[in-house]
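Working notes, structure below.
For reference, positions follow the sequence shown, starting with 1. Hydrogens, waters and symmetry mates play no part in the numbers below; they use all other heavy atoms, side chains included.
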Amino acid sequence: MPLHATRADLHLHEARQRLEHARTSRLAQLQALRETGTGTDDDHLLSEQKAAMERVLKEIEEAVARAEDGTYGICLGCAAPIPAERLEILPYARHCVACQRRTA
């Protein structure tokens, strides 16, 4: 990162790193689920876990797109900034806590 990088650039860089880490982790988990044998009573559970992991990967991809278009970290519900602490925990968060509660 150049010496003249702005604070926003640094935050965006950190966000991209967190998103990439989340993506890599979820892809590894999904691969492990796929490698788990089938033909057992656990097929339904494995199928649900795979679907959940694929949904999270889609959310991560959407967050990457928001980072690219400059809307990352802005709540899709109320357009307020999502607190940095929330994004550190859940880097692909689409909503602030209040809006997330309303959508749940």
Minimum heavy-atom distance between [X] and [Y], given as atom pair plus value:
| X | Y | result |
| --- | --- | --- |
| Y92 | R66 | O-NH2, 3.4 Å |
| L12 | A67 | CD1-CB, 3.7 Å |
| C78 | C96 | SG-SG, 3.9 Å |

Once you round to the nearest 0.5 Å, how far does [atom1] of [X] lie from [atom2] of [Y]?
| X | Y | atom1 | atom2 | result |
| --- | --- | --- | --- | --- |
| H44 | Q49 | NE2 | CD | 10.5 Å |
| E14 | L19 | CD | CG | 12.0 Å |
| H21 | I60 | NE2 | CD1 | 10.5 Å |

Side-chain touch [X]/[Y], heavy atoms, less than 4.5 angstrom:
| X | Y | value |
| --- | --- | --- |
| R86 | Q100 | yes |
| I82 | I74 | no |
| E48 | M53 | no |
| R34 | L30 | yes |

Same cluster or not: L76 versus L87, using hydrophobic residues (I, L, V, M, F, W, Y) connected whenever any side-chain heavy atoms lie under 4.5 Å apart?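 Shared cluster, no.
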
Ion pair present between E54 and K58, side-chain N to carboxylate O less than 4.0 angstrom?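 Salt bridge: no.
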
Run E59 and R26 through salt bridge (charged side-chain N to carboxylate O under 4.0 Å, His left out) and show every step you take. CA-CA 11 Å; E59 290 180 27; R26 296 321 183 284; over 6 Å; no

Can any side-chain N or O of R23 pair as donor or acceptor with the backbone N or O of R18 at less than 3.5 Å?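 Checking the backbone N and O of R18 against the side chain of R23, no donor-acceptor pair under 3.5 Å is found.
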
Does T24 reach the main-chain N or O of E20 with its side chain, forming a donor-acceptor pair under 3.5 Å?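 Yes.
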
